[in-house]
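Labels below follow one simple rule: chain letters A, B, ... track the order of the sequence lines, proteins then strands, and each chain is numbered from 1.
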Amino acid sequence: MADAQDVLSLCKRRGFLYPSFEIYGGVAGMYDYGPLGTALKNNIIEIWRRLYTLGEGFVEIDSETIGPEVVFKASGHVDEFADKMVKCKACEEPYRADHLVKDLHPNAGALGEKEIDDLIRSNNVVCPACGGELSTVEEFNLMFKTIIGPGSGRVGYMRPETAQGIFVNFPNLYRYNREKLPLGVIQVGRGYRNEISPRQGIIRLREFNMMECELFVDPEDKTWPRFGDVSSETLRLLANDGRELEITVGDAVEQGVICNQVLAYFMWFTQEFLKAVGVDGERLRFRQHEKEEMAHYAADCWDAESFLSYGWTEIVGIADRGCWDLSRHANFSGVEMTSFKRFDEPREVERDRIKPRYDKLGPMYKAKAGKIGKAMEEADPAAIADGAITVEVDGERIAIPGELFDVARVKEKVSGVRSVPHVIEPSHGLDRIIYTVLEHAYSQKDDQTVMRLSPTVAPIKVGVFPLMARDELDDMAMDLDQELRYGGIETYYDDSGSIGRRYARMDEVGTPFCITVDYRTREDGTVTLRERDTSSQIRVRFADVLNVVRAALCGADLTQFVVEE
RNA sequence: GCGGGCGUGGUGUAGCUGGUUAUCACUUAACCUUGCCAAGGUUAGAACUCGGGUUCGAAUCCCGGCGCCCGCACCA
């Protein structure tokens, strides 16, 4: 098993990762991607993006990373995403308020600020360190707070997830999708969480990269068109009833282990993505959240976890967020966040409706009459009690006596229903995926490090060397190098030191292939192609190189290109 | 955030009962050499985590900040 220190050390040495602001001593939970890390990250993003956009027909957006307070009020992050804190007035020591009173209440974690404050006052709880008086309870929110605009502008927050940028755009996107579900929207970007104690390299960052997908589906229909294609594929699950199972996607849904087809399909989809970028399938599983572990918005949630030197680590969360987000934004914004499902045929329904007698309402309720009438029309006749209907107008409940309305049987044509879509969210921690890919690729061969990165994600695809940096071998190698680069293949030209050292250097950064121009090249126009994991070589024609490399990067059989000895 | 451990070239380290120009290896660069897997030679570059204190003198002792590791807590 690779040691995290070794992996991180290599990452720094070879330009995958650098601790941020290192010359100033660094900041915990912040890392910069170096040249190779950035290339690796871009490659992973591109694979992910293509799977979702080209593969599933989803659309991609790019939204703001700062949002006004109301967005995160609605999302719940302002209230839920915070710890309650008190500080000692004497020594300034901060404490988790709910921890100080946990012996005074059976469920201290669930108490509000005021309740905890009352408990502290009535029980004379003092600072555990110095006995000083405690401040009132404050929230320590894990979001970074800022001000939008100069002076006392609006309060804003750095987004803790990219998801909200998609939710608040739902009406636009639904329209873009020509008012049809399902609607899949993806976004790649940064999120910010002011972690209390970030650790473990890039596993827990304060500023981190996410790839999120919000899939809006009909709440009544959580089937998926391509589900049949994958139902016999297997998943490794750890359910929250304690069961560990290898089970097919189809059986998991049938037996109710995974609650619906969409969720199950995207768990499989996630697994295929992760394997494609180089996560070891043997070190991958899906763990279902415990009921109390579930986020404030989630109805069901499975984490894809990879096994690292840190232990099992969440790298993707796949949640059924239900209608939570859209409902909340509808409430807070007053904008309708629904989809409209048209019936095949408009249906005629007969129903009773309340018809207000506006001629009598007017004189009685004056200015309010209009609003009251409207509320009455929307009220259900079944709610009539003792001959009167009670409606709520501007927060006031008013009982309207029977003589002010009639109940009439009406025929209505209904052409469909409005409902708030449910959201299935595969949310990827990109930095954690990158780290997993690096650690799973890390291997030792005869005391040397070989990064067995898959060709699709490797930052450098081909090392190009002249066997000797003379006798025109270097000129030929440089021509070859340029041809490959112009052909869209990332290369690395190297003519320094021994050939073995150059191979080793490429092995260490995960370059899958190396091409060497040697003396025979001058004679018969062939070069050697060396494969990283086996060190085996084949000889191919100089003129074929671009095609050979393209085939090799796809893992295709290369025998047709091999020149006999 | 708490408790414990630790910070020396790019990496890994020696020195740390204070005292010349801070040890060694790998790495990196240039040149020579080298006819396929980190060969060799010459030369060069490169470090005491930061700040304060004690002292004639601090990599070394003391205090604090920052960072890393382990445990607890936290983890949408």
Side-chain angles (χ1 to χ4, degrees), chain A residues 3-6 8-15 18-30 34 72 75-77 79-83 85 87 93-96 98-99 102 109 128-129 140-143 159-161 163-164 191 193-201 203-205 210 289 293-298 301 303 309-310 313-314 317 319 321 324-325 425 427 429 445-450 463 465-471 473 495-508 514-522 527-532 534-537 539:
Chain A
D3 179 71
Q5 280 308 300
D6 295 340
L8 286 173
S9 157
L10 178 129
C11 284
K12 190 186 163 194
R13 204 154 35 84
R14 302 314 306 263
Y18 306 126
S20 298
F21 316 111
E22 198 181 11
I23 61 168
Y24 291 107
V27 176
M30 296 190 177
F72 301 107
S75 73
H77 287 98
D79 298 317
E80 304 283 337
F81 191 42
D83 291 331
M85 283 206 351
K87 268 191 181 170
E93 189 67 24
Y95 297 98
R96 286 277 305 267
D98 52 337
H99 287 184
K102 68 172 185 287
F140 173 73
N141 195 282
L142 266 50
M143 288 191 290
R159 64 184 181 193
E161 56 175 11
Q164 298 308 323
R193 298 176 184 183
N194 204 358
E195 295 286 352
I196 295 170
S197 76
R199 259 187 217 176
Q200 300 176 318
I203 297 303
R204 206 129 146 247
L205 297 173
M210 286 179 280
H289 276 208
E293 181 186 1
M294 220 81 82
H296 58 266
Y297 48 68
C301 184
D303 284 347
S309 53
Y310 302 115
T313 305
E314 173 192 354
R321 295 176 74 131
W324 206 84
D325 299 278
E425 177 198 71
S427 172
K445 190 172 80 180
D446 308 329
D447 234 28
Q448 295 171 24
T449 301
V450 179
F465 318 139
L467 185 61
M468 293 292 138
R470 58 168 191 238
D471 303 328
L473 300 188
D495 63 8
S496 74
S498 73
I499 191 78
R501 173 180 298 259
R502 287 177 261 164
Y503 285 140
R505 229 183 245 134
M506 287 292 98
D507 287 346
E508 209 176 28
C514 292
I515 291 174
T516 301
V517 172
D518 58 15
Y519 286 94
R520 199 173 138 188
T521 309
R522 292 198 304 192
V527 296
T528 60
L529 179 79
R530 175 236 192 214
E531 200 270 332
R532 177 194 62 209
T534 59
S535 308
S536 64
Q537 292 186 350
R539 193 159 266 282

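Rounded to whole Å, the C1' atom of B:C48 lies 15 Å from the corresponding atom of B:C6. Distance check on atom P: B:G15 versus B:C24 gives 14 Å, rounded to whole Å. Look at the C1' atom in both B:C26 and B:G19: the space between them is 31 Å, to the nearest Å. Spacing between B:A58 and B:G51 at atom C1', rounded to whole Å, works out to 14 Å. Comparing B:A14 with B:U49, their P atoms are spaced 14 Å from each other, to the whole Å. Nucleotides B:G5 and B:C62 are separated by 12 Å at their P atoms, to the nearest Å. Spacing of P atoms, B:G1 relative to B:A38, comes out at 48 Å, to the nearest Å.
Listed candidates were B:C75, B:G35, B:C36. Nearest to the side chain of A:Arg204 is B:C75. Of all nucleotides listed (B:C68, B:C72, B:C36), B:C72 comes nearest to the side chain of A:Arg199. Listed nucleotides: B:C69, B:C37, B:C36. Nearest to the side chain of A:Leu467: B:C36. In the set B:G35, B:C36, B:A38, B:G35 carries the atom at the smallest distance from any side-chain atom of A:Arg470. If you check B:G1, B:U27, B:C36 against the side chain of A:Arg501, the one that comes closest is B:U27. Listed nucleotides: B:C37, B:U27, B:C68. Nearest to the side chain of A:Tyr503: B:C37. Nearest to the side-chain atoms of A:Arg13 among the listed nucleotides B:G35, B:C74, B:U11 stands B:U11.
By the 5.5 angstrom centroid cut-off and the 30-degree plane limit, A:Tyr519 is classified as stacked against the base of B:G35.
What separates CE of A:Met30 from C1' of B:C68 is a distance of 17 Å, to the nearest Å. When the P atom of B:G10 is taken as reference, atom CD of A:Glu22 falls 8 Å away, rounded to whole Å. Rounded to whole angstrom, the span from the CD1 atom of A:Ile23 across to the C1' atom of B:A47 amounts to 16 Å. Computed from coordinates, the A:Glu508 CD to B:C26 P distance equals 15 Å when rounded to whole Å. Atom CG of A:Leu10 is separated from atom C1' of B:C26 by 14 Å (rounded to the nearest Å). Taking atom CZ on A:Arg502 and atom C1' on B:A39, their separation rounds to 13 Å, with Å as the unit. Atom pair A:Asp6:CG and B:C68:C1' shows a separation of 15 Å (rounding to whole Å applied). Atoms CG (A:Asp303) and C1' (B:C75) sit 11 Å apart, rounded to a whole Å.
Nucleotide B:A47 is matched to nothing when pairs are restricted to Watson-Crick or G-U wobble geometry with both distances under 3.5 angstrom.
A:Arg505 has a side-chain polar atom (N or O) that falls below the 4.0 Å cut-off from OP1 or OP2 of B:U28. Remark: A:Ser498 is in phosphate contact with B:A39, judged by side-chain N or O atoms under 4.0 Å from OP1 or OP2.
Counting non-hydrogen atoms under 4.0 angstrom, A:Ser427 reaches nothing in the nucleic acid. Base contact: A:Thr516 has a heavy atom under 4.0 Å from a base atom. Contact annotation for A:Glu314: no contact, since no heavy-atom pair falls under 4.0 Å across all strands. Within 4.0 Å of A:Gly429, counting heavy atoms only, lies no atom of the nucleic acid at all. Residue contacts for A:Arg159: at a heavy-atom cut-off of 4.0 Å it reaches no nucleic acid atom on any strand shown.
Summarising the geometry of A:Asp518 relative to A:Leu473, their closest heavy-atom pair is O-CD2, 3.3 Å, with the distance given to 0.1 Å. Listed here is the closest heavy atom pair of A:Pro160 and A:Met210: O-CE, 3.9 Å. Of all the heavy atoms in A:Ser535 and A:Lys445, the pair that sits closest is OG-NZ, 3.1 Å.
If you find the closest nucleotide of RNA chain B to A:Gly29 and to A:Lys12, the one lying nearer the 5' end belongs to A:Lys12. Nearer the 5' end of RNA chain B, as judged by each residue's closest nucleotide, is the contact made by A:Gly497, out of A:Arg530 and A:Gly497.
For A:Gln537 against B:C36, a side-chain N or O and a base N or O form a donor-acceptor pair under 3.5 Å.
Note that OG1 of A:Thr516 and CD1 of A:Ile499 are 4.0 Å apart. Values are rounded to the nearest 0.5 Å.
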message: Walk me through whether A:Arg505 and A:Ser496 qualify under side chain to side chain contact (heavy atoms under 4.5 Å, CB included).
response: CA-CA 11 Å; A:Arg505 229 183 245 134; A:Ser496 74; 3.5 Å; yes

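Counting only N and O atoms by type, the side chains of A:Asp6 and A:Ser9 include no donor and acceptor under 3.5 Å apart.
Among A:Arg530, A:Arg502, A:Arg14, A:Arg532, the one residue that satisfies the salt bridge (charged side-chain N to carboxylate O under 4.0 Å, His left out) test with A:Asp507 is A:Arg530.
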